[in-house]
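Basis for what follows: all heavy atoms, side chains included, without hydrogens, waters or symmetry-related copies. Positions are given from 1 along the sequence. Predicted model, so just to flag it, every value in this text is computed and none were measured.
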Amino acid sequence: MELFALLTFNQIWFLLPLVIAYSLVHAGTRHEDPVPIFRHAARFAGSLFLFLLIVYVILRISA
């Protein structure tokens, strides 16, 4: 039941468009061509999601 509660509408789902937008803006300020922008944005988004997942797991364990 807890897994279903995590997959339903939750505030965590707002994180996806925020990370994508932030990654594209961050990469767009570093590069001019579209290919390096998307490559950098994908790498940065992956790193950011990993970091946020680690923080989320630590908070869930400590709660």
Side-chain angles (χ1 to χ4, degrees):
M1 188 67 172
E2 185 176 335
L3 179 63
F4 179 73
L6 289 175
L7 295 178
T8 57
F9 184 75
N10 197 344
Q11 290 182 348
I12 294 175
W13 289 108
F14 290 115
L15 188 63
L16 180 66
L18 284 173
V19 168
I20 291 171
Y22 183 77
S23 298
L24 285 172
V25 169
H26 178 73
T29 60
R30 308 272 190 279
H31 306 285
E32 292 184 8
D33 294 328
V35 173
I37 288 175
F38 290 124
R39 192 177 308 134
H40 183 101
R43 244 187 356 251
F44 186 75
S47 300
L48 189 57
F49 273 126
L50 181 64
F51 172 74
L52 291 172
L53 178 67
I54 291 169
V55 170
Y56 178 75
V57 168
I58 290 170
L59 290 175
R60 289 289 292 195
I61 289 172
S62 68

Practice problem: Go through V55 and F51 one step at a time and tell me if the side-chain contact (heavy atoms from CB on, under 4.5 Å) criterion holds. | Solution: CA-CA 6 Å; V55 170; F51 172 74; 3.9 Å; yes
Name each donor-acceptor pair under 3.5 Å that joins a side chain in residues 26-42 to protein atoms two or more places apart or in another chain, with its distance.
{"residue": "T29", "atom": "OG1", "partner": "H26", "partner atom": "O", "Å": "2.7"}

Quiz prompt | Remaining members of the apolar cluster that contains V25, side-chain heavy atoms under 4.5 Å | solution = none
Quiz item: In the hydrophobic cluster built from side-chain contacts under 4.5 Å, what are the other members alongside L18?
Solution: none
Quiz item: In Å, rounded to the nearest 0.5 Å, how long is the span from CG of L59 to CD1 of I54?
Solution: 12.0 Å
Quiz item: Atom CG in L15, atom CZ in F49: separation rounded to 0.5 Å?
Solution: 5.5 Å
Quiz item: Under a 4.5 Å side-chain heavy-atom rule over Ile, Leu, Val, Met, Phe, Trp and Tyr, are F44 and L52 clustered together?
Solution: yes
